[in-house]
J.: 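Quick one: the structure is below, questions incoming.
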Amino acid sequence: MTDNTSRVLKDLMDEISSTSPMTMGYPVSKGFDFSEVFPFLKYPLNNVGDPFIPSTYTVGSRELEKEVIEFFSRLFRAEEDNWWGYVTNGGSEGNLYGLYLARELYPKAIVYYSEATHYSVQKNLHLLNMPNIAIRSQASGEIDYDDLEKTISINRQMPVIILANIGTTMTEARDDVAKMKTIFKHLAIQHHYIHVDGALSGSYAAFLEPRPAFDFEDGADSIAISGHKFFGSPIPCGMVIAKKNHRDRIARSIDYIGSLDTTISGSRNGHTPLFLWYMISKLGIEGLKQRTMDCLDVAAYAESALKQVEPLVWRNPAALTVNIPKPGEELIKKWQLASGKEWAHIICMPGMQKTQIDDFVKDLELHKAWQCALAG
Ligand SMILES: *Cc1c(COP(=O)(O)O)cnc(C)c1O
């Protein structure tokens, strides 16, 4: 029995450790050492309920969770004393939460989002039963502001909820929240809400120069980010930060847990806030900024090396995602590239080495030479 159990675990470990270095297309980070946090896995940590209201169950990490939320609220330039949030199970839950808050504030609103939006948003809108309209995207993946303005103006008697992308899944395009605010002004829209899906690049957008318009000062009402992408938490997680006055609208007190039921799940992961806290505590703003710059450096390297082999390769400004005309299935599988109909991409996440890029470029070169030979 024991032998078999160990063998299965060892086989799985071998498989994971051999395929992990080949992931290029998905936003996973490598190389940061979290081992100081691992001993906590011995305990049943549970941050049930609202992190800012103590619960009667106290085996958890709420204090550190609050510090994590405070750190990001400041980074995202939230108004003093008007921020709130919690550590979620991922970017999708954060988006669900933002849209839920928006719906509670404006039950009659229409939701607008670009066609480059992550697939989970459609599902969330369906769960929440919110009327919604997809807006055209530009070739870069950024929302088409003319189409947005025209479409809103047709429905201008209705409150407006926009889901803005700070880093689309395929091309890492960033919608401009300030431009959306201008549209509200033009059309005299009084009731509006902007939720920012920053799952991919919300984690480092604040470190970019020029700083993209994406945060509370720019006009966001809530922001969701993922914790297992840029931060590399070994367990999927994320954060949602919202204006506190929005969440006060939905707060309900629950006697059983002695806290407020303001979150989507009841029991909540008490370990994931530790991973996030540990990273911000170890790296601080300067370290996180450096982590961003290192990635951008690798992305610029990848873009220029890949362009030599394939001139159509391109990248959005200050993006870690490098877009490549879709190669054959073999390469997509081998390097775990994310792909759509015509394009594939690699993402230069923390821990990606230039030598890996070199290996990939060589492979792409061989693949092209072979395609040319076949063609004649
Ligand atoms: C990854 C991603 C999501 C979903 O986030 P999860 O953490 O996987 O739930 C949503 N939107 C965008 C743009 C993403 O890149």
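These numbers come from the heavy atoms of this one structure, side chains and all, not from hydrogens, waters or symmetry mates. We count ligands from 1, going down the list as the structure has it; atoms in each ligand are counted the same way.
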J.: Out of all atoms in ligand 1, which are within 4.0 Å of some heavy atom of His228? Include the element for each.
T.: 7 (O), 8 (O)

J.: Between Glu365 and Lys368, is the closest basic N to carboxylate O distance under 4.0 Å?
T.: no

J.: Among Lys243, Lys244, Arg247, exactly one meets salt bridge (charged side-chain N to carboxylate O under 4.0 Å, His left out) together with Asp221. Which residue is that?
T.: Lys243

J.: Check this for me: does any side-chain nitrogen of one of Lys354 and Asp297 sit under 4.0 Å from a carboxylate oxygen of the other?
T.: yes

J.: Given 3.5 Å as the limit, does a donor-acceptor pair link the side chain of Arg315 with the main chain of Val322, or not?
T.: no

J.: Geometry only, no angles: is Gly90 polar-contacting ligand 1 at N/O separations under 3.5 Å?
T.: no

J.: Output the list of atoms in ligand 1 that are nearer than 4.0 Å to some heavy atom of Ser92, sorted by atom number.
T.: 4 (C), 5 (O), 6 (P), 9 (O)

J.: Numbering the atoms of ligand 1 from 1, which are under 4.0 Å from a heavy atom of Leu200?
T.: 15 (O)

J.: Can you confirm whether or not the ring centre of Phe231 sits under 6.0 Å from the ring centre of Phe72?
T.: yes

J.: Compute the minimum heavy-atom distance from Gly167 to ligand 1 and say whether it is under 4.0 Å.
T.: yes

J.: Would Asp197 count as a contact of ligand 1 if the rule is a heavy atom under 4.0 Å away?
T.: yes

J.: Could you check whether Lys307 pairs with Glu303 (Lys NZ or Arg NE/NH1/NH2 to Asp/Glu carboxylate O, under 4.0 Å)?
T.: yes

J.: Would you mind running through ligand 1 and noting each atom that sits below 4.0 Å from a heavy atom of Lys229?
T.: 1 (C), 2 (C), 3 (C), 5 (O), 14 (C), 15 (O)

J.: Determine, considering heavy atoms only, which of Pro236, Ala199, Pro27 sits nearest to atom 3 (C) of ligand 1.
T.: Ala199

J.: At a 4.0 Å threshold, what atoms of ligand 1 neighbour a non-hydrogen atom of Ser226?
T.: 5 (O), 6 (P), 7 (O)

J.: Pick, from Glu172, Met170, His118, the option with the minimum heavy-atom distance to atom 10 (C) of ligand 1.
T.: His118

J.: By number and element, which atoms of ligand 1 are closer than 4.0 Å to a non-hydrogen atom of Thr169?
T.: 12 (C), 13 (C), 14 (C), 15 (O)

J.: Does the cation-pi check pass for Arg291 over Phe230, that is, NZ or CZ under 6.0 Å from the six-membered ring centre and within 45° of its axis?
T.: yes

J.: Report the residue from Lys181, Arg174, Arg77 that forms a salt bridge (charged side-chain N to carboxylate O under 4.0 Å, His left out) with Asp218.
T.: Arg77

J.: Taking only heavy atoms of Gly91, which atoms of ligand 1 are found under 4.0 Å from at least one of them?
T.: 5 (O), 6 (P), 7 (O), 9 (O)

